[in-house]
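Here is the structure we will look at, set down as structure tokens.
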Protein chains: 4
Amino acid sequence: MNKVMLIGNVGREPEVRYVDQGVAVARLTMATTERGYVLQNGTQVPERTDWHNVVLWRRLAEIVEKYVHKGDKLYVEGRIRYTTYNDKHGVKHNVTEVWAENIELLSVRPRPAASDGGAAARPSQPDGGSVTAEDSQNPPF
Amino acid sequence: MNKVMLIGNVGREPEVRYVDQGVAVARLTMATTERGYVLQNGTQVPERTDWHNVVLWRRLAEIVEKYVHKGDKLYVEGRIRYTTYNDKHGVKHNVTEVWAENIELLSVRPRPAASDGGAAARPSQPDGGSVTAEDSQNPPF
Amino acid sequence: MNKVMLIGNVGREPEVRYVDQGVAVARLTMATTERGYVLQNGTQVPERTDWHNVVLWRRLAEIVEKYVHKGDKLYVEGRIRYTTYNDKHGVKHNVTEVWAENIELLSVRPRPAASDGGAAARPSQPDGGSVTAEDSQNPPF
Amino acid sequence: MNKVMLIGNVGREPEVRYVDQGVAVARLTMATTERGYVLQNGTQVPERTDWHNVVLWRRLAEIVEKYVHKGDKLYVEGRIRYTTYNDKHGVKHNVTEVWAENIELLSVRPRPAASDGGAAARPSQPDGGSVTAEDSQNPPF
DNA sequence: TTTT
DNA sequence: TTTT
């Protein structure tokens, strides 16, 4: 298991690229903030913000392209990935990314129920196959 | 692993009891709401609310007693527990509870950094032992 | 948020049905076990097993039908759903289910890398669209 | 929310230090492995291992010191922390760590129920206060 | 550097 | 019974 769950705000406009065969890939930065507090011995632990590099592929990248903007509040679920590369000067660099497996847009205003809008990533029905009203009811057991 | 994570609103005032030897136990109900949406075939899946029975012991119960009220937004992490009992008429009843292992009060307003206030459950420092400023810095490696 | 994560063993053969328009729905029971331990005051807290009713739709139900059997170890991620109904005698019953949004088969033996086998639910590529080798590399930024 | 959950194996013997006022801090590396698979278009996605730097403080560090060894299987829950520093040559370095908030030792063999052993981090009873047999039963409501 |  |  390698699971990450983040709720935070998008730092700037996401970047979206299309690579071979039209596969979309998006990249965004997202801040999570931990409240400061005082320890029992009186030490002040200040507020802390961490900036996450989030990478999204395909359907999630397309959702980002359409609906996610700087300042939006986002829920991201994914995996941590560490990459190492050497730059032109032979200096080693470490990059840590969160590769999203699911997102939820927390800034999206409640919509009229008659329109999905497509703005939310709903992993429970990923196949988008033909579906009936039974879906929202109990299974037939 | 038996892990539950909920973010939702408290339905009514929590109940707190003290049992043997002053152990606090609190109980609250909490609603999580799933947005409605339209499936690809046009079926409207309506909004859905689930009501969770949350049980909290000891320190968490005391936090609830002091700080949690009807309507508050709460993060609860815990375990699902199923109980079965027979009532006076011999009828079997099933009860499902979420026993909290950690909570976070999402309704609490940001406080001046100089005061912890004690309102948040901070699992990362559960021992409350003596602690130094090193804590908020990098470990000495 | 209403999220459940379970790792446990399947109690008996799953049941699978096909409802309107060929939508598959599976149901299985799954045990999670918490180790017993002794409290500081010497009280023995015994081991505890909880049995979860897991419901799976569509693609996940089909994976269950093909690959999941009694005794298998499973990871299930999903949501808690509470249902109430009245039986023929007018007695109210409460049912709690975990509706799966993702599963992973932990009993599946390592396979030769050249064959996917289809036995694992891989949420990161839910669309199954056309995909290139870039996918396993870094995004083009 | 900034939450990480890992299940994996410890790469080498953990290092433990004691800093000011006897506060323990441990550091270990831990591998999570993702199975390889074949995409629909035939592309082989190879197996992938990520190495996480896990930092543990106080009680968790002491558990690590006593019970965790190279090769052990571990569950770690915590937060991602990114740090940047400049080395002696003025070169900027990025470090990513997972600061543990809870761990579970998955390599520990089942013990006779009469002995806690202290080897597991049990977050549900973090206060270690005086506790009665009611704890393992239903709350008094 | 781990493990399956 | 909550909330957006």
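All chains are named by letter (A, B, ...) in the order of the sequence lines, taking the proteins before the strands, and each is independently numbered beginning at 1. Keep in mind that what you see is a predicted model, and the values were worked out from it rather than measured.
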From the options [options], select the nucleotide whose nearest atom is closest to the side chain of [X].
X	options	value
D:K70	F:dT1, F:dT3, E:dT2	E:dT2
D:R12	F:dT2, E:dT3, E:dT1	E:dT1
D:T29	E:dT1, F:dT2, E:dT3	E:dT1

Given atom [atom1] of [X] and atom [atom2] of [N], what is their separation to the nearest angstrom?
X	N	atom1	atom2	value
A:L105	F:dT4	CG	C1'	15 Å
B:M30	F:dT4	CE	P	14 Å
D:L74	E:dT3	CG	C1'	13 Å
B:N9	F:dT3	CG	C1'	4 Å
B:K73	F:dT4	NZ	P	7 Å
B:Y75	F:dT2	OH	C1'	19 Å
B:L28	F:dT1	CG	C1'	12 Å
D:R35	E:dT4	CZ	C1'	9 Å

| message | Check this for me: does any side-chain nitrogen of one of A:K73 and A:E104 sit under 4.0 Å from a carboxylate oxygen of the other? | response | no

| said: Between D:D72 and D:K70, does any NZ, NE, NH1 or NH2 come within less than 4.0 Å of an OD or OE carboxylate oxygen? | reply: no

| request: For B:N53, check side chain to side chain donor-acceptor pair (under 3.5 Å) against everything at least two apart and list the hits. | output: none

| request: Output all residues satisfying side chain to side chain contact (heavy atoms under 4.5 Å, CB included) with B:E62, sequence neighbours left out; order by chain, then residue number. | output: B:Y18, B:A24

| Has D:W51 got its ring stacked on the base of E:dT1, with centres under 5.5 Å and planes less than 30° apart? | yes

